[in-house]
Q: 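Starting off with a structure, shown below.
In what follows, chains carry the letters A, B, and so on, assigned in the order in which the sequence lines appear, proteins first and then strands, with residues in each chain numbered from 1.
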There are 2 protein chains.
Amino acid sequence: MSTVGKAISLLELFTLAEPELGLSDLARRSGFDKATTRRLLVALTGHGLVEQDAATRHYRLGAGLSRLARIREARFPFLQTAVPLARDLASATAETVHLSEFGIDRLVTVHVEHPARANRVNVDIGQLLPLHSTASGIVYLAFAREEAVKACLAGPLDAFTTHTLTEPVAVSHSMTEARERGYSICDQGLEEGVISVAAAILAADGFALGTIAVAAPKARTTAADIAERGLAAVAAAREISMRLNGDNLKALRRQA
Amino acid sequence: MSTVGKAISLLELFTLAEPELGLSDLARRSGFDKATTRRLLVALTGHGLVEQDAATRHYRLGAGLSRLARIREARFPFLQTAVPLARDLASATAETVHLSEFGIDRLVTVHVEHPARANRVNVDIGQLLPLHSTASGIVYLAFAREEAVKACLAGPLDAFTTHTLTEPVAVSHSMTEARERGYSICDQGLEEGVISVAAAILAADGFALGTIAVAAPKARTTAADIAERGLAAVAAAREISMRLNGDNLKALRRQA
DNA sequence: CTGATATGGTTCATTATTTGAACCGTTATT
DNA sequence: AATAACGGTTCAAATAATGAACCATATCAG
């Protein structure tokens, strides 16, 4: 792995659950030597991507990341446009709504709206979603480039529950249904007792760049709920796509 | 410079004005060899910190940055808490309000609220503010750790306009005034015709972690405006500090 | 149509940076 | 007082980064 890759994989060790980590901890988890880990941290700190708490000496993600993310967001106002619609969808469905953006070989959860009720599905910001075993992943693939689909189906399709689709043909079939329907349905593919629907958010080239999904406890979800949420998610996704692409209708050809 | 540092300095070449850059451009601006530049970009792309446009082959900041920034923001909800108050301040003053966070040796503009009027001061997200020549910088220093102040005054104090304070004692005096007043005033220190006031946002340890500032065209700004905005900025900053630190009053001792 | 000059991307011997075992000084814990 | 954890540092050895020269392609001017 390149040195740069190592440095970035250090950044990836910070999670919502553990946003601050000590040097030894980081070395252990990354598998790098303590000296190496430290040198990488110093380099990252020197550019503001990591900060060190003056008191505890622990490290955390730095303000420089906010800066870079805001520049990206300004160019590509995904959150800015999508969050209000996600919020609407969350209050309409009274279930958890999350937005994801594609990155490398997974979807990245970039925003979550939790409904104000005790029994709900919990999704964390920053969580990485596999493509074959989530509603978001399936609908993403349904509207993705051919290469991305091939790459996913060629790779290993891990089973997370007994319901996870691990056969390429099954995943492919699920994608076709999603494409025809406009939204995907994933029944406990990633976690037991959770059923989700998702719709694709399209870039100007007509391919998916992210998704919007509704996740709910299966126990209280009827077939009618699924259909209703699916259509609502499609409407929200279409609106987001339109706003992102300046009402460029051509971009939406694939979802029409 | 470490390889990691080089990679990060590539990220820093992307700005609001030029959010997409080609390989040759990046190599030229960074001063690195084209092969080196590409290898770094490949490493960054592999971890989602950079993306490549499929059509133009140009590079831009990637979704992975959004993810990391959101994790940081969840731990440290600076924007989440501060933006609503910045918005209130902007509508109350009808002038540009910006939020900055400290990073390395500068303040980083992480949010901007522009008033809905033609003649206003324009501030860009991601803009880096020097400490000695901006209202934000002065008030930050006024409530910063001794070391940070020393480091700033020891370094070169560049003049951006004829009004910029370039003498350490002058800057120091300006800091003292800001500390006593609660807010800083910067009269055309960074740009001609712009006058700003700023107040410090404090961390739990009582030291500044960022600032909130109001910037206005000097031509239409009276002394009364300055005082009014200064007090409003202090009120906003205090509210943000309180919300960030869970009403921990001890944290606010220095501003009291 | 051609030559000149861009662009993105690749190669591989040379070179310089990264690496990690062993080290130090502190700070809990026993 | 002894132990073990922590953060941080050192320097010869090992490894990864470097960059001049190289393609292939695209664009432009004459």
Q: Looking at C/dT11, I'd like to know if its phosphate oxygens (OP1 or OP2) sit under 4.0 Å from a side-chain N or O belonging to B/Arg38.
A: no
Q: Between D/dG7 atom C1' and A/Asp25 atom CG, what is the distance in whole Å?
A: 13 Å
Q: Is there a donor-acceptor contact under 3.5 Å from the side chain of B/Asp53 to the main chain of B/His58?
A: no
Q: Less than 4.0 angstrom between a side-chain N/O of A/Thr3 and OP1 or OP2 of D/dA17, yes or no?
A: yes
Q: Please determine whether any donor N or O and acceptor N or O are separated by less than 3.5 Å between the side chain of A/Lys34 and the base of C/dG20.
A: no
Q: Go nucleotide by nucleotide along DNA chain D from the 5' end; which of A/Leu23 and A/Val4 gets its closest nucleotide reached first?
A: A/Leu23
Q: Taking the side chain of B/Lys6 as its heavy atoms from C-beta onward, which of D/dC6, D/dT18, D/dG8 lies nearest to it?
A: D/dT18
Q: OP1, OP2 of D/dC6 versus side-chain N and O of A/Tyr59: anything below 4.0 Å?
A: no
Q: Ignoring backbone atoms, establish whether B/Ser24 has a side-chain N or O less than 4.0 Å from OP1 or OP2 of C/dG8.
A: yes
Q: Let me confirm one number: the OG-CZ distance from A/Ser2 to B/Arg39, rounded to the nearest 0.5 Å.
A: 8.0 Å
Q: Between A/Thr56 and A/Ser2, which residue's closest nucleotide on DNA chain D lies nearer the 5′ terminus?
A: A/Thr56
Q: Nearest to the side chain of B/Thr36 - D/dG19, C/dA21, D/dC6?
A: D/dG19
Q: In whole angstrom, give the distance that lies between atom CG of A/Leu40 and atom P of D/dA16.
A: 13 Å
Q: Whole-Å distance between D/dA5 C1' and A/Arg57 CZ?
A: 16 Å
Q: What's the separation between atom CG in B/Leu141 and atom CG in B/Leu107, rounded to the nearest 0.5 Å?
A: 8.0 Å
Q: Please state whether the phosphate of D/dC6, meaning OP1 or OP2, lies under 4.0 angstrom from any side-chain nitrogen or oxygen of A/Arg28.
A: yes
Q: Report the nucleotide, chosen from C/dG20, C/dT11, D/dG7, that has the shortest atom-to-atom distance to any side-chain atom of A/Gln52.
A: D/dG7
Q: If you check every side-chain atom of B/Asp33, which of D/dT18, C/dA21, D/dG19 has the closest atom?
A: D/dG19
Q: Name the pairs: protein N/O against N/O of nucleotides 25-30 of chain C, kept only if under 3.5 Å.
A:
none

Q: If you round to the nearest 0.5 Å, how far is NZ of A/Lys34 from CG of A/Leu41?
A: 12.5 Å
Q: Could you state the CZ-C1' distance from A/Arg39 to D/dT15, rounded to the nearest angstrom?
A: 12 Å
Q: Quick test of your reading of the model: are B/Glu51 and A/Arg72 salt-bridged, counting only N-O distances below 4.0 Å?
A: yes
Q: Measure the CZ-OG distance between A/Phe32 and A/Ser9 for me, rounded to the nearest 0.5 Å.
A: 3.5 Å
Q: Calculate the interatomic distance between B/Leu41 atom CG and C/dT10 atom P; express it in whole Å.
A: 12 Å
Q: Nearest to the side chain of B/His58, which nucleotide is it out of D/dA17, D/dG8, C/dG8?
A: C/dG8
Q: Tell me if the CD atom of B/Glu191 is crowded by more than 12 foreign heavy atoms within 6.0 Å.
A: no
Q: Rounded off to whole Å, could you give me the CG-to-C1' distance for the A/Leu10 and C/dT19 pair?
A: 14 Å
Q: Between A/Leu13 and A/Asp25, is there a side-chain heavy-atom distance shorter than 4.5 Å?
A: no
Q: To the nearest Å, give me how far apart CE (A/Met1) and C1' (D/dA14) are.
A: 18 Å
